[in-house]
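Read the structure below first, then the notes.
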Amino acid sequence: MLVSEVMLQQTQAARVADRYPRFLGDFPTVEVLAAATPAAVMAAWQGLGYNRRAFRLQEAARRIATDGWPAGLEGLEALPGVGPYTAAAVACFALGMGVPALDTNARRVLSRWHGRPLSGAALSTAAHQDLPPAAADWNQAVMDLGAAVCTPRQPACDRCPVAAWCTDPSVYEPPRRQGRFEGSLREARGAVIRHLVSQSSATVEEIAERSGLPADRIGGAVDSLRADRMITATGSDAITLPDGGSA
DNA sequence: CTCCGGAGGA
DNA sequence: TCCTCCGGAG
């Protein structure tokens, strides 16, 4: 449950669909995930993007293996990589708690429903007011509606089951656009991680040659990843994924 | 090329 | 509140 929700952060369900069962096959329990090497976790994560999520997920698994599952919403949110949405989704779907799970779909649907852009505390307040006792069903319905009908650009109000009660379908504020991927640090960081998953140890020059990216960009990515503790330096200029020892 | 998508740190 | 983290699909 926690695994699937973290995978679904910033990643469309279609891409999670085939990786989630494989990930659970590799790491069937939190204990197995906690004890795995970061290289193995990264290998299972390959292609999902935002690789820090994988490291944080394993850190969360280690904490759970040691301390047990947090009981409530606040405890869940204190886990690394678990924010307001993921904590609420786990609390509602796995623990049966009556809390709204507010992802980007829910934010858009509720904004249109109420006729004004909602975010932060206002969104939370509105959602709590709208939330019925059957919280899990409501969360599922709102998110599905946003994904399938109440879409960003051209909402299909003609086949929306609740269009009659909606205030203003035109309400939509597009998320801020991200910079180009080509030429970005993200691209180089991704190349470094991808290489280390298959080679386990490498130099900047090797990664540059294999990826086709300039060595100075790979070097910058290595510095950045080291600062994030996502890779470690081993020899004179060799790097690897972290050894698993410390969290 | 554009679009899509939560967490966390500054 | 703003910015950065990835990668695949259309």
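Protein chains get the first letters and strands the later ones, always in sequence-line order, with residue 1 at the start of each.
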> On a plain distance test, is the side chain of A:Q9 in donor-acceptor contact with the base of B:dG6 below 3.5 Å?
Replying inline: no

>> Around atom CZ of A:R22, are there more than 12 heavy atoms from other residues, nucleotides or ligands closer than 6.0 Å?
In response: yes

> Is the shortest distance from a Lys or Arg side-chain nitrogen in A:E206 or A:R210 to a carboxylate oxygen in the other one below 4.0 Å?
Replying inline: no

> When you measure from the side chain of A:P84, which nucleotide among C:dC2, B:dA7, B:dC3 comes out closest?
Replying inline: B:dA7

> Nearest to the side chain of A:R56, which nucleotide is it out of B:dC3, C:dC5, B:dG8?
Replying inline: B:dG8

> Side chain of A:F181: nearest nucleotide among B:dG5, C:dC6, C:dC5?
Replying inline: C:dC6

>> Nearest to the side chain of A:R15, heavy atoms from C-beta on, is which of B:dG6, C:dC3, C:dG8?
In response: C:dG8

> Under 3.5 Å, is there a donor-acceptor pair linking the side chains of A:H114 and A:D130?
Replying inline: yes

> Within the structure, does a side-chain N or O atom of A:N105 lie under 4.0 Å from either OP1 or OP2 of B:dG5?
Replying inline: yes

> Would you call A:Y50 stacked on C:dC5, i.e. ring centres under 5.5 Å apart with the planes less than 30° off parallel?
Replying inline: no

>> If you go through the side-chain atoms of A:Q178, does one of them form a donor-acceptor pair with the base of C:dC6 closer than 3.5 Å?
In response: yes

>> Side-chain N or O of A:R186 versus OP1/OP2 of C:dG7: is the shortest distance under 4.0 Å?
In response: no

>> Check this for me, if you would: do A:R107 and A:D103 make a salt bridge, where the nitrogen-to-carboxylate-oxygen distance has to be below 4.0 angstrom?
In response: no

>> Does B:dG6 have its OP1 or OP2 closer than 4.0 Å to a side-chain nitrogen or oxygen of A:R107?
In response: no

> When we call it a touch if two heavy atoms are under 4.0 Å apart, what does A:R53 touch: a base, just sugar-phosphate, or nothing?
Replying inline: nothing

>> As a test of reading the structure: which of C:dC5, B:dC4, B:dG6 is closest to the side chain of A:R52, going by heavy atoms?
In response: C:dC5

> Phosphate oxygens OP1/OP2 of B:dC4: is one of them under 4.0 Å from a side-chain N or O of A:T104?
Replying inline: no

> Base, sugar-phosphate alone, or nothing: which one does A:M230 contact when heavy atoms must sit under 4.0 Å apart?
Replying inline: sugar-phosphate

>> Please check this pair: side chain of A:D228 against backbone of A:M230, looking for a donor-acceptor N/O pair closer than 3.5 Å.
In response: no

>> Base, sugar-phosphate or nothing for A:P152? Non-hydrogen atoms, less than 4.0 Å.
In response: sugar-phosphate

